[in-house]
Every structure is written in C-alpha cells, then in structure tokens.
Amino acid sequence: MLSTLWNEPAQIEAQLFTALPKPFRQLGQSEHSRNQKRGRPLDSFLEGPLVRNGILYLTDIPYGRIFAVDLVSKNWKLVIQYDGEPNGLAWHEQRQKILIADFKCGILELDPETQQLTTVMDRFNGERLKGPNDLVVTRDMSIIFTDQGMSGLQDPCGRVYRICADGKVDILLRNCPSPNGLVLDAAQANLFVAMTRDNSIWLAPLYPDGSVQRTGRFSSYFGVGGPDGMAMDTEGNVFVAHSTLGTVFVHRKDGSIMARIATRHVGSGTTNLNWGGDRGKTLYIVESESGSIMTVEWHCQGI
C-alpha cells in the first residue's frame, strides 16, 4: 500500500471530442449566473452527461436546455428547452425515461421520444427541495439524488435522498456542505458523494436494511471550487471531476491517487463525466468553461 501511496500519479491529457456549436451559444445572464456565478455572463454551462444508444445527452443549466450529440457524426440537436436549471442525468430502465436533477424544478423525467417532461419529486414532507444536483439509479430501480441548494460550510443543510421503487422516500445523509456528484461501487454497498464546498468526497456505507452508517471522508482536495461529477470503473477506481482545477482525479480503492486526467489545455471547469464507446471504455468528460466534451480511452470498462 505504501508503494502505491507514494508513487507519482500518471499524467493523462484528455482529447477534445466536440464543443457546443456557435449557433447554440447565447451569452447573457440568467438566474443561474446571477445566483451561482456572481452575475458573470455565460453562453452555456454544460453538465450531466448520459450516453445511451450512441447518443450523448447533455444539460445546459442556465438556459434550461437538453442536448443530444450523435457520437458518430458529432452533430448536436436541441431536444428540449424549458423553464428550469437541469444538471445531472440518469437513465431509468423501468420507466424508460431520462431522469433529470433540476435545481429549480426538482427531480424530473423526460421521454426522449415525445419530449414529454414530468415531475417525479419536488417536495419532501410538503417542503420544497433546496435544489437537486445529480442522481443515480440503483439495480432495484431506486433513485438516489443530491439536494444541494446553496448549502456550504456556512450552512451545511444539503441532503442526499433515496426514492425507493415503491415510492417511499428516505433521507440517507443530512448536514451536507454542498452535496454534488455521486456514484455507487459495483456491489452497490458503498455510496461516494462529492461535497463541493468541503472540497472532499464522503464515503457512505449502505447497509442491508437500507440505512447509512459510519460515513467518513474518502478524499480531500483544494482550490476555489471543489469536486463535482463522479464515475467508477470495473476495478473500483473512483474518478472525480474537480470544478476549478481542470483535472479528473483517479483514486484507487484505498483512496490513493493513481492518475490525473488534465483538461486545462482547453479549460479548467471540469464538471462531470460518464462512460460510453463500443466497449464501455471511453470516458466522456464535460469541460464547462469552454463548453467542450473531452475523451480519454481507459484500460478497463466503466460501470
């Protein structure tokens, strides 16, 4: 273990795959830019990559847009635009819908064929959600999502919820300083959650009775922003996109860093990532500062 702990991590440079076309860029202000970017005008802020049937789906938070990118032709298509702030995406096999974690509207589902948008959850016990950020779907078709809002170290009030297949809703984690991306291990016995304003990843063991106990800090970072989207491969390596360092940190199971994937040559806003490609070994990385999608060919499959 000590040998891996002190080894210099591999340095990998992500390759530019495609970028948001100019006709879709609309520089201006929105609720998102005013509230979360201190009024900085944005032409887009891409997030939420989801790969399905040769299509890469992406969200554009400030302008309430969902895009579909053909992975062969690299053509971009606007799927839907609505009054929301869509962030993370996930596919729900049972519902046959794309799930959306929307900061403004809650948890939504989108029919990719009809473009019909439906609310799954926007309140808990009558109280509106703070502002969902990202989500995953478990093997039993439960939905686990982060409710980030404007939480941080000054007010660690974020939460992580689980919507069970039978409709029951549990709170898995409370007192979270900006819960963001999340990923499950292959056994779905451990939940990793990015706590952006704590600049850390929390590891929450999931027990057979559905409870979470003995949650701890898996890894820590530095910088103005913090960890954002996450992914995992079949070896159990944990991939963490850092929102201001232009880096995806790749951690081994023990938490030590095995590699750093750089996007800084294009931009430093590395926000989210997901797997795709013919063999499931292509990592698609969203670089939101430039509105670009970058890729890395990995040595094993993602999960």
Side-chain angles (χ1 to χ4, degrees), residues 9-25 42-62 65-78 86-90 133-134 180-183 194 196 201 221 223-233 237-251 257-303:
Q11 306 294 319
I12 301 169
E13 188 173 281
Q15 302 302 305
L16 179 63
F17 177 73
T18 185
L20 182 67
K22 189 174 181 180
F24 288 129
R25 294 179 183 264
L42 301 170
D43 67 9
S44 64
F45 196 88
L46 300 181
E47 256 279 10
L50 168 67
V51 179
R52 180 161 177 79
N53 297 332
I55 301 295
L56 172 64
Y57 293 94
L58 299 161
T59 60
D60 178 29
I61 300 175
R65 299 185 290 184
I66 309 289
F67 290 106
V69 182
D70 187 296
L71 292 178
V72 175
S73 68
K74 300 184 183 179
N75 288 330
W76 290 63
K77 174 186 175 182
L78 178 62
N87 199 321
L89 299 175
N133 184 286
D134 209 349
N180 196 321
L182 69 173
V183 71
T196 303
I201 302 298
Y221 307 91
V224 177
D228 200 325
M230 302 180 68
M232 183 171 287
D233 66 19
N237 299 311
V238 182
F239 296 68
V240 181
H242 195 287
S243 64
T244 58
L245 294 181
T247 301
V248 174
F249 293 92
V250 186
H251 296 269
I257 300 176
M258 69 176 294
R260 293 189 181 97
I261 302 172
T263 69
R264 291 187 300 276
H265 51 293
V266 173
S268 296
T270 316
T271 55
N272 215 330
L273 62 174
N274 211 333
W275 297 99
D278 294 338
R279 299 177 298 164
K281 296 181 179 181
T282 303
L283 187 64
Y284 291 92
I285 303 168
V286 179
E287 199 296 299
S288 298
E289 186 177 76
S290 63
S292 301
I293 308 303
M294 309 184 74
T295 59
V296 165
E297 296 300 323
W298 197 241
H299 65 270
C300 65
Q301 289 184 327
I303 62 172

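Sequence positions, counted from 1, serve as the residue numbers for this chain. Please read these numbers as outputs of a predicted model, since none were measured by experiment.
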* Structure fact -> Note: Ile12 and Ala259 closest approach over all heavy atoms is CD1-CB, 4.2 Å
* Is the backbone of Arg279 close enough, under 3.5 Å, to the side chain of Gln301 for a donor and an acceptor to pair up by distance? -> yes
* Structure fact -> Note: Pro86 and Ile66 closest approach over all heavy atoms is CB-CD1, 3.9 Å
* Asked: Taking it one step at a time, do Val240 and Val248 satisfy side-chain contact (heavy atoms from CB on, under 4.5 Å)?
  -> CA-CA 5 Å; Val240 181; Val248 174; 5.8 Å; no
* **side-chain hydrogen bond (donor to acceptor under 3.5 Å, both in side chains) assessment of Asn180 paired with Thr196** => CA-CA 6 Å; Asn180 196 321; Thr196 303; 3.0 Å; yes
* **Proximity of Phe67 and Tyr57 rings by center, below 6.0 Å** => no
* **Step-by-step side-chain hydrogen bond (donor to acceptor under 3.5 Å, both in side chains) determination, Thr270 to Thr263** => CA-CA 7 Å; Thr270 316; Thr263 69; 2.7 Å; yes
* To do: Quick one: pull up CG in Asn87 and CG in Asn133 and give me the separation to the nearest 0.5 Å.
  => 4.0 Å
* **Arg52, CZ: over 12 other non-hydrogen atoms inside 6.0 angstrom** => yes
* Could you state the interatomic distance from CE (Met294) to CG (Leu283), rounded to the nearest 0.5 Å? -> 11.5 Å
* **Exercise: identify the closest heavy-atom pair between Val286 and Glu47** => CG1-N, 4.1 Å
* Asked: Which atom pair, heavy atoms only, marks the closest approach of Asp43 to Arg65?
  -> O-NH2, 3.8 Å
* Report yes or no: does Gln15 contribute a side-chain atom to a donor-acceptor pair with the main-chain N or O of Glu13 at less than 3.5 Å? => yes
* Which value, rounded to the nearest 0.5 Å, describes the distance between Asn274 atom CG and Ile285 atom CD1? -> 11.0 Å
* To do: Please confirm whether the backbone N or O of Gly223 pairs with a side-chain atom of His242, one donor and one acceptor, at under 3.5 Å?
  => no
* **Expected output: side-chain Glu287 to main-chain Gly269 donor-acceptor under 3.5 Å** => yes
* Using modelled atom types only, decide if a donor and an acceptor are shared between the side chain of Ser288 and the backbone of Leu46 within a distance under 3.5 Å. => yes
* Partner of Ile293 by side-chain contact (heavy atoms from CB on, under 4.5 Å), out of Leu16, Leu58, Val69 -> Leu58
* May I ask you to test the Val238-Ile201 pair for a side-chain heavy-atom distance under 4.5 Å? => no
* To do: Verify the distance criterion only: is there a donor paired with an acceptor across the side chains of Thr247 and Arg264 at less than 3.5 Å?
  => yes
* Between the side chain of Ser73 and the main-chain N/O of Asn75, is any donor-acceptor distance below 3.5 Å? -> yes
* Any donor-acceptor N/O pair, Arg260 side chain to Ala10 backbone, under 3.5 Å -> no
* Evaluate the side-chain contact (heavy atoms from CB on, under 4.5 Å) criterion for residues Leu20 and Trp76: first the C-alpha distance (whole Å), next the side-chain angles of each, then the deciding distance (0.1 Å), finally the verdict. => CA-CA 8 Å; Leu20 182 67; Trp76 290 63; 3.5 Å; yes
* If every non-hydrogen atom of Thr244 is compared with every non-hydrogen atom of Val224, which pair is closest and at what distance? -> OG1-N, 3.8 Å
* Asked: Do Ser243 and Thr271 have side-chain atoms, one donor and one acceptor, less than 3.5 Å apart?
  -> no
* Give the ring-plane orientation class for Phe239 versus Trp275, where under 30° counts as parallel, over 60° as perpendicular and anything between as tilted. => perpendicular
* Chi angles and distances behind the side-chain contact (heavy atoms from CB on, under 4.5 Å) call for Asn272, Asp134 -> CA-CA 10 Å; Asn272 215 330; Asp134 209 349; 3.6 Å; yes
* Under the side-chain hydrogen bond (donor to acceptor under 3.5 Å, both in side chains) criterion, do Glu289 and Ser268 qualify, and how do the steps go? -> CA-CA 7 Å; Glu289 186 177 76; Ser268 296; 4.6 Å; no
* **Derivation of the side-chain contact (heavy atoms from CB on, under 4.5 Å) call for Ile261 and Val250** => CA-CA 8 Å; Ile261 302 172; Val250 186; 4.0 Å; yes
* Asked: Taking the six-membered ring for Trp, are Phe17 and Tyr284 ring centroids under 6.0 Å apart?
  -> yes
